[in-house]
Amino acid sequence: MNQTVAITPQIVAEHGLSPSEYDRVLAILGRVPNLTELGIFSVMWSEHCSYKSSKKWLKTLPTRAPWVICGPGENAGVIDIGDGQAAIFKMESHNHPSFIEPYQGAATGVGGILRDVFTMGARPVANLNALRFGSADHPKTRHLVAGVVAGVGGYGNCVGVPTVGGEVQFHPCYNGNNLVNAMTIGIADTDKIFYSKASGVGNQVVYVGSKTGRDGIHGATMASAEFSEDSEEKRPTVQVGDPFTEKLLIEACLELMATDVIVAIQDMGAAGLTSSSFEMASKGGLGVELDLDMVPVRETAMTAYEIMLSESQERMLMVIEPGKEDIAKAVFDKWELDFAVIGTLTDTGRMVLKKDGAVVADLPIDPLAEAAPEYDRPWTPGVKHPVIAASDVAEKPWAEALKALVGGPDGSSRRWVWEQYDHMVMGDTVQRPGGDAAVIRIHGTAKGLAATSDCNPRYVGADAVEGGRQAVAEAWRNLTAVGATPLAITDNMNFGNPQRPEIMGQFVEACQGMGEACIALDFPVVSGNVSLYNETNGQGILPTPTIGGVGLMPHVEASVGIAFTGTGQALIAIGAEGSWLGRSLYLDVVCGRDEGAPPPVDLKVERRNGDFVRGLIREGLVESCHDLSEGGLLVAVAEMAMASGIGANLTVSGPDLHAKLFGEDQARYVLAVAEGKAAEVLANAEKMGVPARRIGSTTGSDLVVNGEAVAVAELKAAHEGWFPAFMA
Amino acid sequence: MKAAVIVFPGSNCDRDAATALELITGRKPQMVWHGDAALPDVDVIVVPGGFSYGDYLRSGAMAAHSPIMASVKAAADKGVRVMGICNGFQVLTEAGMLPGVLMRNRDLKFICRDVLLRVETTASEFTSAYTKGQVIRIPVAHHDGNYFAEPAVLDELESQDRVAFRYCDAAGATTEAANPNGSQRNIAGILNARRNVLGMMPHPERLADPLLGGTDGAPMFTALLNAFA
């Protein structure tokens, strides 16, 4: 491709720009753009980079709290965790690439989110990932699971950041669009946080990391369109990851960040050099002039267009203090990474690109950024579903139902997945995967961070407001269940084509529900990512607003897990008795019905019950704790039993025993407490107005309900067996 | 006891090893960059886990030719204790300091989980704080931990009491099911002939702190400390 290509309507369309958007390009420039310039407009205005369909609604989400240092808009969100330290985190999708090329798509998703976090000066300390695949019996699913899991592990294991948690779900709606949402949490000193806002006319713009190749060109545009049968042809738009270089880049950047050389820094993610240089200059109200001949390249004869749009991985752009190049270069030389001064900051407010001595692009920065399209897309409210009474749901023998739930695709153990991730490296993993939330010690302190990832797309699909509320509430509940104070979330909004009013309606309603929960639970959004157009041949995914939650523990050793710690302990259920079977796992798996309204979330009750449980854990009154989510009370108790090998004896009386055992009413927990403490816990609950009741004790090696027993070992065999058998 | 931890590009358990050493011995080890040819004067050298040079070419193969490894070898020849953990074990075999190789795991997947090990010998300064036949729980985290050597080499290791640990079940039986990666004769760790170089795939530094769920790894470091007490 060269600069003299005539810009035809077809070329404009191939760049994903609508005719009206192209008219805006002409108005800004006052002339026809050349191909490089068109490419820059194309990526900057892509859905992926501009959030043009979602911005209006994202702005409605609560983003503030006294502990929020930096909310959405930077590379990642920053919260204060006390003692001069901050947690920096974000979740980001790599859905489209991971469907086309699962290993590299997932690997580079991990790499990208790591860079977003260490760009800000944080050492990454934990990774999580939320994976959603098509139906287990779809012919492509196993291939995608194997590739994505290997890719997540291949990258995270090599960079030496533990992958401590996440979720895996199967549903036919993801048959043509799997979801790979990766989250990284890092720790930084609050006085050593780095931002992307460029400053200082005349300061040098420096390129570090890997060389630029022809991989990933148009990745951002690809991620902003639906798939069709030809999606396989998009394989060249997927980047290739090099976790070894990323590890070196982490160490080199953190080493340089300990000095005072860096003015601003930004990773080259989607839309590569274009968006990083553009955003840095735009935030600083400055111009930038780049000499593309100075960019380290992997291949010969790369054009300006290719250099600007490449999405080669493991690259960073920095602005450094003049005269300090040598200090920076010495660090990158030590780590054997490329280092090149490729331009300077100017006061022109324009991006000027030179190649082979000629100007190859000259664009005004602010008008391009400000004129980025922002749409108020038409939307229609979701259709409400009727509430399904428990008495209208078939009652199957509980043991048979339980085995189907804990031994099926949705409820089975994810050990096969997380044993392929190094979840212990860095030596601070206090609660390993498999519980409600992962817990890591903040290195060198007695404090801990808890982290979780949650969403129930079945709920959101049935009622996006309620489902949005529930996703946030469940993340809050999972953090609470290990004893942490939930602080903030990152949201990864995965939806279909926003140009369809019903999809846009899902987005709008999910934002509404999430926002309500964030306010009620003091749990603001500090970062996030939007992935739209998750559709294939017009078939969209269930709306999936994945919530990544982070919480803090002043004393990490006080955290509790789900595994029973001994026999003879009292089991206490917190919250209302189970009644709600609409959209439950029981209704779906046992009855084959995916119907009804999802369980409502009463945010006041959620908060009251959760604050009570957290208080008990902090007082040391709780031996183990599990929140009640999919599968309700009995699945929760079974998971506690299977995690420990210790049984339980429960008495739960009918009628509607199936709803009491498997109902998915919200704001509930089950606690194991020492027998001698049970009366105190129940009395405290009564004082606080929290529903609590004794449901049984831990004992033996069977799970007994109303006198009927199932061996925990038998449950465990089903629970642990499904995934390996599926992947064998 | 003075200790050093070698840091290669791509090492990622260097900090973990240093943390465990400091926790047990009360003294911070020196971190030694691979590009330095000179080693400080130390009693113990740890070659840590990770992905030195990205494990490109072959696990440990590039690191084995790093400038520092000549010094590590020379130090070992003089009797300094060298402990290679995971990738460090791979580096030591590639450097010819221990026999055999670590091949891709039998199931071809990365494995991260606690495994049980039977202590095969207490006749070394690394294992003297355990009892012979003791079953300990230590995590593994590797893709290439499948120990292979020719039968004659394995026989020699056994006849010279140089197998340090074997994968086993809770009863101490070295069954196939208890072998996580397909290692020959369930071997998890070995010693050199002089018994001052140990290589092992499991990570004792990961279970040396009770907060992390166990302390079965701690006696390795206690034993070394005692050797210099």
Side-chain angles (χ1 to χ4, degrees), chain A residues 123 146 149-150 152-164 241-252 333-337 415-433 439-441 443-444 446 448 555-559 561 563 724 727-728, chain B residues 7-23 31 33-36 48-57 59 62-63 85-87 105 107-115 138-144 180 202-214 217:
Chain A
R123 175 169 287 282
V149 170
V152 167
Y155 208 99
N157 298 344
C158 183
V159 296
V161 176
T163 301
V164 295
D242 177 1
F244 172 57
T245 298
E246 180 101 335
K247 169 69 175 165
L248 303 185
L249 197 56
I250 293 174
E251 299 304 331
D333 282 351
K334 172 187 164 188
W335 292 97
E336 299 176 24
L337 293 166
R415 184 183 301 275
W416 184 91
V417 174
W418 52 256
E419 281 193 347
Q420 293 186 58
Y421 305 149
D422 190 337
H423 47 268
M424 292 182 245
V425 64
M426 298 188 88
D428 288 309
T429 305
V430 176
Q431 299 272 355
R432 299 183 190 178
V439 177
I440 57 163
R441 171 175 53 193
H443 195 69
H555 299 286
V556 69
E557 63 184 357
S559 78
M727 294 305 295
Chain B
V7 185
F8 298 103
S11 292
N12 64 31
C13 301
D14 44 329
R15 191 186 78 174
D16 302 358
T19 303
L21 278 166
E22 191 184 351
L23 180 73
M31 308 306 279
W33 182 240
H34 78 112
D36 300 343
F51 288 72
S52 56
Y53 296 93
D55 275 357
Y56 297 150
L57 184 59
S59 300
M62 310 262 280
I85 302 169
C86 197
N87 191 227
N105 294 342
D107 296 337
L108 308 178
K109 291 197 294 282
F110 189 95
I111 312 167
C112 178
R113 64 163 180 258
D114 288 352
V115 297
I138 304 274
V140 292
H142 60 244
H143 210 159
D144 299 318
H203 287 269
E205 81 280 16
R206 291 190 180 188
L207 276 186
D209 179 345
L211 186 64
L212 304 182

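Below, read A as the first sequence line, B as the second, and so on, with proteins coming before strands; counting in each chain starts at 1. Just so it is clear, the values below take in all heavy atoms, side chains as well, and ignore hydrogens, waters and symmetry mates. Only a predicted model underlies this, so the values are computations on that prediction, with no experimental measurement involved.
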Working to the nearest 0.5 angstrom, can you tell me the gap between [X] [atom1] and [Y] [atom2]?
X	Y	atom1	atom2	value
Leu211(B)	Thr429(A)	CG	OG1	10.0 Å
Cys13(B)	Met424(A)	SG	CE	10.5 Å
Arg113(B)	Gln420(A)	CZ	CD	11.0 Å
Cys158(A)	Asn87(B)	SG	CG	9.5 Å
Asp16(B)	Asp428(A)	CG	CG	8.0 Å

Original post:
Quick one: what part of Val161(A) sits under 4.5 Å from any heavy atom of chain B, side chain, backbone, both or neither?
Top reply: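 Val161(A) has no heavy atom closer than 4.5 Å to chain B.
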Original post:
Non-hydrogen atoms of chain B under 4.5 Å away: do they reach the side chain of Arg441(A), the backbone, both or neither?
Top reply: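 Contact with chain B is through the side chain of Arg441(A) alone.
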Original post:
Which residues satisfy the ring pair (Phe, Tyr, Trp, His ring centres under 6.0 Å) test with His203(B), sequence neighbours excluded?
Top reply: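 With neighbours one apart ignored, the set is empty.
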Original post:
Residues in ring pair (Phe, Tyr, Trp, His ring centres under 6.0 Å) with Phe51(B), at least two apart?
Top reply: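 None.
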Original post:
Are side-chain heavy atoms of Glu251(A) and Val7(B) found at a separation under 4.5 Å?
Top reply: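 With C-beta onward as the side chain, the pair stays apart.
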**OP:** Determine the interplanar angle of the Tyr56(B) and Phe244(A) rings, folded into 0 to 90°, and report it as parallel if under 30°, tilted if 30 to 60°, perpendicular if over 60°.
**Re:**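 Taking Phe244(A) first and then Tyr56(B), their aromatic rings stand perpendicular (interplane angle over 60°).
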**OP:** Can you see which heavy atom on Asn12(B) is nearest to which on Val425(A), and at what distance?
**Re:**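 Smallest heavy-atom distance, with atoms named: O-CG2, 3.5 Å.
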